[in-house]
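Quick caveat: nothing in here was measured; it's all calculated off a predicted structure. So that the names make sense, note that chain A is the first sequence line, chain B the second, and so on, each numbered from 1.
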Amino acid sequence: MTLKLYNTLSRRLETLEPIEPGVVRLYTCGPTVYDTAHIGNFRTFIFEDLLKRYLKYSGLKVRHVMNVTDVDDRTIERAAEEGQTLAELTGRYCAQFQQDLSALNILPADHLPRATEFIPQMVAGIQTLIDQGQAYTTDDGSVYFNISSYPEYGRLARLNPEQMVVGERVAADDYAKEEPRDFALWKGYKPSDRDSRWPAPWGEGRPGWHIECSIMSTHFLGEQLDIHCGGVDNIFPHHENELAQSRCLHAGPFVNLWLHSEHLIVDGRKMSKSLGNFYILPDLLEKGFSPEAVRYTLLSTHYRKKLNFTFDRLQESQQAINRLRELARRLEEVPAGHKGMAPAVPDAAVAAALDDDLNIAGALGAIFAWAHELFGLLDRERLSGASAGEGLAALGRYDEILGVVFFSPSTLDEEVTALIAEREAARQNEDWARADEIREQLQQRGILLEDTSTGTIWKRG
RNA sequence: GGCGACGUACCCAAGCGGUCUAAGGGAGCGGUCUGCAAAACCGUUAUUCACCGGUUCGAAUCCGGUCGUCGCCUCCA
């Protein structure tokens, strides 16, 4: 396996060469738990899941850490609005987040540390930067990183600090600092912060956003990471600042490969809370879409391409998944000793595509082309029993990467089960009118019935 | 103003200088099968890759320009 990935730092494809042979140290930026994450957020988490699953598929061990930001402007604001403590609010949304991760069949990280669990370590790190003369305190008890103390500042984002526009967002920051481009390591306490206050040598307050990742990644994975992921909007300022801090706290390279996923688009604009054009998973499930259809939709476009989200897309994804599930069902029906052809499984094509910067569309193309070949043989009863078994195993392997075929075993409620039984009876009596009526009724509810040679099956529409 | 990405059929999308008269998914149309459907299969829907010019024996693929869309430029995945 020679997996090549696009490194944002070099803007080139680079071969993954784990620091420790056979083990990949992966750090992915998690959510800020001030609200339910929208599916644009999940596009990134699903891209990271694809990466992780493919690394495992390739025989590597993955040590994965995802942080949870549970203290920042938004969490504090939201907690105040809802009259809750910070911990109550973030606890609630963190639980929601994990529930959504699970629904989308995203493999959990080995560690999911929350920023507030590492405040003393962050304080120590900030103190080191102060001691080194790379950070300074201000009268309000805040601490800022002096970007001029780090010559490589701007390298990741390819921004020249001299040319950076000091815009509204900087002006809106009412903290005192020596130079507008410097960023906060620590924010001095203000009454509006309510219960969000922690002690520090230079004064009570709370950590800035970026320092948590520098500290927690090192804590769990060491000073150098193989891969660090996030959405493109994290390149600047978050990752640029994180990189600066980490490089100043320890001399090594910090991250070998920086990977960033593109945005999910709605009506031509990026999906975001501020634009109001977002969807959350529970709402899509409520509308009757399956979690696997959401997963497939977010997964099936290359991670560095913008992805336009539509309900049609979800529907198309469901159809594609149904096709693979149908293949599995048909393969299971082939008797073990059946004589026939033995087509090759597309392992090599799938691996070649994914080795090329996770070319998922190429991999899916290979899988579906193979599926088509198998269906043709199945229709003519010319697939050997052994090949059917191999095919089923191969599909299982590929689904360890895709995670859309063999998960979330759907169940039917009693009413539906009874209707299906009633229809069976009607068909036995050749009462076609009643049988068709039930079929249409269930179709309205998103359940498709198909009468096969071995009985009636159902699937989601 | 600075930096960057993208534009392939009705929709989505692969393609990384020749095997491209361009994978794969969805959708449509005709057929086989079926009680009828659905699924699956067979056939069909781009001699063409936003547009213009250039490099090359050869370009969807490289270079330049034009048009269009989007993103980032201090706390957005």
Under a 4.0 Å heavy-atom criterion, the protein footprint on nucleotides 22-34 of chain B, written with B, S and -, is -BSBSS-------

Check whether the side chains of [X] and [Y] place a donor and an acceptor atom closer than 3.5 Å, and report yes or no.
X	Y	answer
A:R313	A:T301	yes
A:E179	A:S148	no
A:H260	A:N234	no

Can you check whether [X] has a side-chain N or O nearer than 4.0 Å to OP1 or OP2 of [N]?
X	N	answer
A:K305	B:C12	no
A:N308	B:C12	no
A:R74	B:A77	yes
A:R269	B:G71	yes

Select base, sugar-phosphate, or nothing to describe what [X] touches, counting heavy atoms under 4.0 Å on all strands.
X	answer
A:R304	nothing
A:E240	nothing
A:L449	base

Does any residue of residues 433-444 of chain A have a heavy atom under 4.0 Å from RNA chain B, and if so, which ones, in number order?
A:D436, A:R439

A:F309 vs A:Y279 aromatic rings, parallel, tilted or perpendicular, using cut-offs 30° and 60°?
tilted

Checking A:R74 against A:Y34: charged group under 6.0 Å from the ring centre and within 45 degrees of the axis?
yes

Need the pair for B:G35. Rule: Watson-Crick or G-U wobble, both distances under 3.5 Å, any strand; none if unpaired.
none

Paired nucleotide for B:G58 [Watson-Crick or G-U wobble; both distances under 3.5 Å]:
none

For a quick check, tell me whether the side chain of A:N41 and the base of B:C76 share a donor-acceptor pair closer than 3.5 Å.
no

With hydrogens left out and only the distance checked, is there a donor-acceptor pair under 3.5 Å joining A:K273's side chain and the base of B:C76?
no

After noting the C-alpha distance and the side-chain angles of A:Y303 and A:Y6, does the key distance pass the ring-ring contact (aromatic ring centres under 6.0 Å, His included) rule?
CA-CA 11 Å; A:Y303 74 93; A:Y6 185 83; 8.3 Å; no

Does NZ belonging to A:K273 count more than 12 external heavy atoms closer than 6.0 Å?
yes

Centroid-to-centroid, A:F97 to A:F45, below 6.0 Å?
yes

Going by heavy atoms in the side chains, are A:L412 and A:I420 under 4.5 Å from each other?
yes

